[in-house]
Colleague: 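Got a structure here, written out as structure tokens. Questions coming.
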Amino acid sequence: MPELPEAETIVRDLRPRVTGRRVVGVKVIKPDVLARISPEQFRRRLKGRTIESVGRRAKNIVIRFDRDLVLVINLGMTGRVVSSDAPRASELRHVAVRFMLDDGRELLYDDARRFGRLELFSSNAWAERDAQFGVEPLSADFTPELLYAGLKQSRVPVRNWLLDQTRIAGVGNIYANEALYRAGIRPTRRSNLVTPAEAARLRDAIRDVLSEAIARRGTTLADYRDANGEKGGFEPLLQVYGREGEPCPRCGSTVRRVVISNRSAFYCPKCQR
DNA sequence: AACGCGCCCTGTCCGC
DNA sequence: TGCGGACAGGGCGCGT
């Protein structure tokens, strides 16, 4: 998916343009993107609600409405949230849900593979779900000590550890690989064998790569689009992800790809041990 | 009980 | 030009 930087980019775009707007209608075109609710119930609960805030938790877009209703959007691999007044809105080919707003605009949820999910919560139910996610990596709580303590408890490859949303919230395969490259740690390394000094480097690398990606409005490999339907600008700055066979930017060695738990990992065999 | 794995679904690309 | 296979940002639920 869309990882933390992509969700954050969408949230920042959406916030000023939909906060305070009221939902006057909902059309569900592909019901299988709704989690645990029928299209009729989904429409009924949202219609007439006013958007009070737009935020992010992990890779999720969190839209709070009046009268204790929370809409949580997980984009899966190919989910997009695009405003109907964006010039590129007409290019959407897989619109699954349309939200009609009281100013005449629509918010479109588009998802080719339909791995994404839209779910409604009460504030309390969302708080319970929210508590299951791990630390936000850009928050002050994400200290080197916390990361090291967490890594020490697990024997899974460190790349897998970084993908576990109950441990760190919002890191996906692209930024896990990029952060490990920056920190000089091989993705296959068992988590409990990462040293305190390496954990400290990894913590900084994670924060740096996520912040830089947000500044560039995310990474578009193929499908990701922001709320205006535009691609992100971080892809050219990827140093190893998707670069099998290309030279390492630091030492010139050939970047390798290995499969860990059915997902690709990329690394420099010389810079990452 | 921490992990690994298969699966959900569509699109694209590559080799033959 | 067509066809089969590999691959893709995620996450859930299952079995061990």
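Order of the sequence lines fixes the chain letters, A, B, ..., with proteins taken first and strands second; residue numbering starts at 1 for each chain.
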Colleague: For dG10(C), is there a stacking contact with Phe115(A), counting only centres under 5.5 Å and planes under 30°?
Modeller: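 Stacking is present between dG10(C) and Phe115(A), given that their ring centres fall under 5.5 Å apart and the planes under 30°.
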Colleague: Who else is in Phe133(A)'s hydrophobic cluster (ILVMFWY, side-chain heavy atoms under 4.5 Å, direct or via others)?
Modeller: Val62(A), Val70(A), Val72(A), Phe121(A), Trp126(A)
Colleague: Any side-chain N or O of Arg117(A) below 4.0 angstrom from OP1/OP2 of dG10(C)?
Modeller: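 Indeed not, no polar side-chain atom of Arg117(A) lies that close.
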Colleague: Going 5' to 3' on DNA chain B, which nucleotide is the first and which the last to come under 4.0 Å of a heavy atom in chain A?
Modeller: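 The contacted stretch runs from dC3(B) to dG11(B).
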Colleague: Checking Ser211(A) now: which residues fulfil side-chain contact (heavy atoms from CB on, under 4.5 Å) with it, not counting sequence neighbours?
Modeller: Leu138(A)
Colleague: For DNA chain C, list all stems, counting runs of three or more consecutive pairs where every pair is Watson-Crick or G-U wobble with both distances under 3.5 Å.
Modeller: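 Result, WC/G-U stems under 3.5 Å: B:2-8 with C:10-16, B:10-16 with C:2-8.
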Colleague: Of all residues at least two apart in sequence or in a different chain, which pass the side-chain contact (heavy atoms from CB on, under 4.5 Å) check with Phe115(A)?
Modeller: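 In terms of side-chain contact (heavy atoms from CB on, under 4.5 Å), with neighbours along the sequence ignored, Phe115(A) is linked to Met77(A), Arg113(A).
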Colleague: Indicate, yes or no, whether a donor-acceptor pair under 3.5 Å links the base of dA8(C) to the side chain of Arg113(A).
Modeller: yes
Colleague: Select from Trp161(A) and Asp32(A) the residue whose nearest nucleotide in DNA chain B is closer to the 5' end of that strand.
Modeller: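 Result: Trp161(A).
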Colleague: Where along residues 241-248 of chain A does a heavy atom come under 4.0 Å from DNA chain B, residue by residue in number order?
Modeller: none
Colleague: For Tyr175(A), which residues count as a ring-ring contact (aromatic ring centres under 6.0 Å, His included) partner, sequence neighbours excluded?
Modeller: none
Colleague: Between dG5(C) and dC7(B), how many Å separate the two P atoms, rounded to a whole number?
Modeller: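 Each nucleotide's P atom is 15 Å from the other's.
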Colleague: Dump every N/O contact between nucleotides 12-16 of chain C and the protein below 3.5 Å, one line per pair.
Modeller:
{"from": "dC12(C)", "atom 1": "OP1", "to": "Arg129(A)", "atom 2": "NH2", "distance (Å)": "3.2"}

Colleague: Any donor and acceptor pair, going by atom type alone, linking the side chain of Arg56(A) with main-chain N or O of Ala58(A) inside 3.5 Å?
Modeller: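 It does hold such a pair.
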Colleague: Could you tell me whether the phosphate oxygens of dA8(C), OP1 or OP2, come under 4.0 Å of any side-chain nitrogen or oxygen in Thr78(A)?
Modeller: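 Answer no for this pair, as no side-chain N or O of Thr78(A) is under 4.0 Å from OP1 or OP2.
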Colleague: Could I get the full list of ring-ring contact (aromatic ring centres under 6.0 Å, His included) partners for Tyr109(A), not counting sequence neighbours?
Modeller: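 Here no residue qualifies.
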Colleague: Spell out, as yes or no, whether a donor-acceptor pair under 3.5 Å connects the side chain of Glu128(A) to the backbone of Ala125(A).
Modeller: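 Not a single qualifying donor-acceptor pair exists.
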Colleague: side-chain hydrogen bond (donor to acceptor under 3.5 Å, both in side chains) with Ser253(A): which residues, sequence neighbours excluded?
Modeller: none
Colleague: What pairs with Arg182(A) under side-chain hydrogen bond (donor to acceptor under 3.5 Å, both in side chains), at least two apart in sequence or on another chain?
Modeller: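 Partners of Arg182(A) under the side-chain hydrogen bond (donor to acceptor under 3.5 Å, both in side chains) test: Glu212(A).
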Colleague: Can you measure Leu163(A) atom CG to dG11(C) atom C1' for me and round it to whole angstrom units?
Modeller: 11 Å
Colleague: Among all residues two or more places apart in sequence or in another chain, which pass the side-chain contact (heavy atoms from CB on, under 4.5 Å) test with Asp223(A)?
Modeller: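 So Asp223(A) forms a side-chain contact (heavy atoms from CB on, under 4.5 Å) with Thr78(A), Arg80(A).
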